[in-house]
Amino acid sequence: MIWTAGFRTAVISPYDRLQFGQPRDFADQTVRQVLHLAGGGDAFRVRLTNRFGRTPLTVGAATVVVGDRLVALTFDGAAHRVIPAGEEAVTDPVSTPVAAGADLVVSLYLPERTDLATYSHKPAELTRTADGNQVTAPQSQWTEQVEARFYLSGVDVLAPPGTAVGVAFGDSWFEGVGTTTGANHRSVDFLNRRLRRGWVVNQGIAGNRLLRDTVGEHGLARFDRDVLSVPAATHVLVHFGINDLALPGMLGEPPVTAGDLVDGFRALADSAHRAGLRILAATIGPFAGAGPEIGTPERLAVRREVNDWIRTTDTFDAVFDVARVVANPHSLDRIHPALDSGDGMHLNDRGAEAMAGAVDLDDLAL
């Protein structure tokens with residue numbers, strides 16, 4: 001048996017210069033979070049992170065609910081753990097089988113005032129907080145609920161040798177912005193329901209760019225940590241480009257050219273191939289409906305040029321043509337109205353399902 005990734009969530013710094021979520025800290029509070037497993041195994045362990053913290057993080061107690069069973073989480077046999085700034089911690093294994101598609105409910109008691117939390121900012125799932133130590137309470141008086149994940153980076157599962165795992169690596173079209181919160185209707189969730197074997201973990205970050213840091217480290221910089229660190233990874237699926245095109249105008253940066261993006265995609269493919277991974281690239285989704293200040297004629301022309309290159313290059317092992325599948329046939333730079341979340345830039349539940357359907361399972365071949 002091997003330990004591999006049954007769940008992943010890409011994290012960002014609360015100190016990034018552009019924030020789409022609200023960074024926050026905690027003090028004498030319990031933080032309860034739901035983790036939807038992409039894959040299962042005979043046992044599991046939970047990964048905590050203080051990667052972007054500037055002070056140590058004290059976890060006073062932690063539990064997980066598996067089905068109807070409450071289990072205490074420990075660290076080298078201890079109920080508490082101090083995680084130094086910039087580091088991670090892994091719980092002791094829990095010898096309870098878990099299945100793909102199951103939900104783990106993790107509760108962390110944070111007794112001391114924390115730094116601003118390392119977090120996932122748009123995961124299409126709610127975190128709930130309560131005052132005091134409530135890790136064993138089946139129901140608590142929740143003082144807040146917010147769409148985010150805090151101090152969690154993944155779940156490892158004990159699976160058979162030869163288990164194959166893909167990594168969805170990119171932006172909000174993977175993370176799930178626009179889909180129903182708590183419904184597990186992200187494109188990656190729909191893709192996992194189609195797979196005959198193996199699974200895909202989600203390392204999307206809303207607002208993330210391929211070429212420059214802004215919301216999270218850019219894709220080329222975080223590839224090693226968020227893709228190559230995934231045990232048993234065999235494939236990487238990428239969707240980047242919308243934020244590279246849309247954000248420079250908001251941030252006063254020079255525009256990105258088609259050549260810039262092509263060079264970035266080639267570098268990403270080279271990194272994947274050097275690591276022995278197959279890489280599947282998505283065409284850049286339409287975003288003209290986000291408004292004239294975002295979907296300028298110049299940016300849309302670059303999108304079309306890069307997409308033409310993605311469709312015809314031999315740089316990737318396969319292509320899934322998301323842009324064509326979700327486009328309005330009467331206006332190809334816009335999302336089809338039935339698939340649009342309402343903001344002209346993100347997919348609703350039906351759109352996320354269509355995105356997942358664009359992947360040829362023979363290309364993925366997990």
Side-chain angles (χ1 to χ4, degrees), residues 166 168-174 178 187 191 204 207-212 218-220 223 235-249 253-273 277-340 344-347 351-364:
F169 182 63
D171 55 27
S172 57
W173 284 42
F174 282 143
S187 60
L191 178 58
N208 198 224
R209 296 194 280 184
L210 177 62
L211 302 176
R212 297 175 185 164
H218 64 280
L220 293 174
F223 184 80
H235 295 66
V236 55
L237 301 85
V238 298
H239 182 273
F240 283 105
I242 291 178
N243 299 306
D244 291 86
L245 294 171
L247 290 182
E253 299 173 347
V256 169
T257 68
D260 294 333
L261 281 169
V262 167
D263 288 346
F265 280 122
R266 283 187 171 133
L268 201 64
D270 286 346
S271 295
H273 289 145
L277 302 180
R278 290 177 58 82
I279 181 169
L280 287 68
T283 47
I284 303 171
F287 59 90
E293 70 285 356
I294 294 177
T296 66
E298 295 79 12
R299 293 169 191 164
L300 296 175
V302 171
R303 184 187 82 93
R304 291 191 293 270
E305 184 178 347
V306 175
N307 279 350
D308 287 343
W309 173 79
I310 291 173
R311 293 181 180 114
T312 57
T313 185
D314 61 0
T315 299
F316 308 107
D317 297 290
V319 170
F320 53 114
D321 201 345
V322 173
R324 188 164 288 158
V325 166
V326 304
N328 183 339
H330 305 295
S331 181
L332 296 178
D333 289 321
R334 295 174 180 267
I335 299 171
H336 192 292
L339 308 179
D340 192 334
M345 186 179 280
H346 296 102
L347 302 174
E353 187 172 15
M355 180 177 181
V359 178
D360 186 330
L361 298 189
D362 289 336
D363 292 332
L364 194 54

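Bear in mind the structure is a predicted one, so any value in this text is a computation, not a measurement.
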Exercise for review: Run the numbers on V322 and V359 for side chain to side chain contact (heavy atoms under 4.5 Å, CB included), then give the verdict.
Suggested key: CA-CA 8 Å; V322 173; V359 178; over 6 Å; no
Kindly say whether the aromatic ring centers of [X] and [Y] come within a distance under 6.0 Å.
X    : Y    : value
F174 : F169 : no
W309 : F316 : yes
F265 : F240 : no

So which atom in [X] and which in [Y] form the shortest heavy-atom distance, rounded to 0.1 Å?
X    : Y    : result
P248 : V256 : CG-CG2, 4.3 Å
V326 : P286 : CG2-CD, 3.8 Å
G178 : H346 : CA-CB, 4.4 Å
L277 : H235 : CD2-N, 4.3 Å
R304 : D333 : NH1-OD2, 2.5 Å
D244 : L211 : OD2-N, 3.0 Å

Check your understanding: Any side-chain donor paired with an acceptor under 3.5 Å for D171 and H239?
Key -> yes
Point to revise | T257-D260 side chain donor-acceptor pair, cut-off 3.5 Å | key: yes
Expected output: side-chain [X] to main-chain [Y] donor-acceptor under 3.5 Å:
X    : Y    : result
N243 : L247 : no
D317 : I279 : yes
S187 : M355 : no
S271 : A267 : yes
N307 : I284 : yes
T283 : A323 : yes

Practice item. Calculate, to the nearest 0.5 Å, the distance between atoms CG and CD1 belonging to N208 and I242 respectively. Key: 12.5 Å
Check your understanding: How long is the span from the CZ atom in R303 to the CG atom in L245, to the nearest 0.5 Å?
Key -> 9.0 Å
Study note, to complete from the structure: With sequence neighbours left out, the residues meeting salt bridge (charged side-chain N to carboxylate O under 4.0 Å, His left out) with D263 are none
Check your understanding: So R209 and E253, salt bridge (Lys or Arg N to Asp or Glu O under 4.0 Å) or not? Walk me through it.
Key -> CA-CA 13 Å; R209 296 194 280 184; E253 299 173 347; 2.8 Å; yes
Review point. So R311 and R324, side chain to side chain contact (heavy atoms under 4.5 Å, CB included) or not? Walk me through it.
Key: CA-CA 11 Å; R311 293 181 180 114; R324 188 164 288 158; 3.3 Å; yes
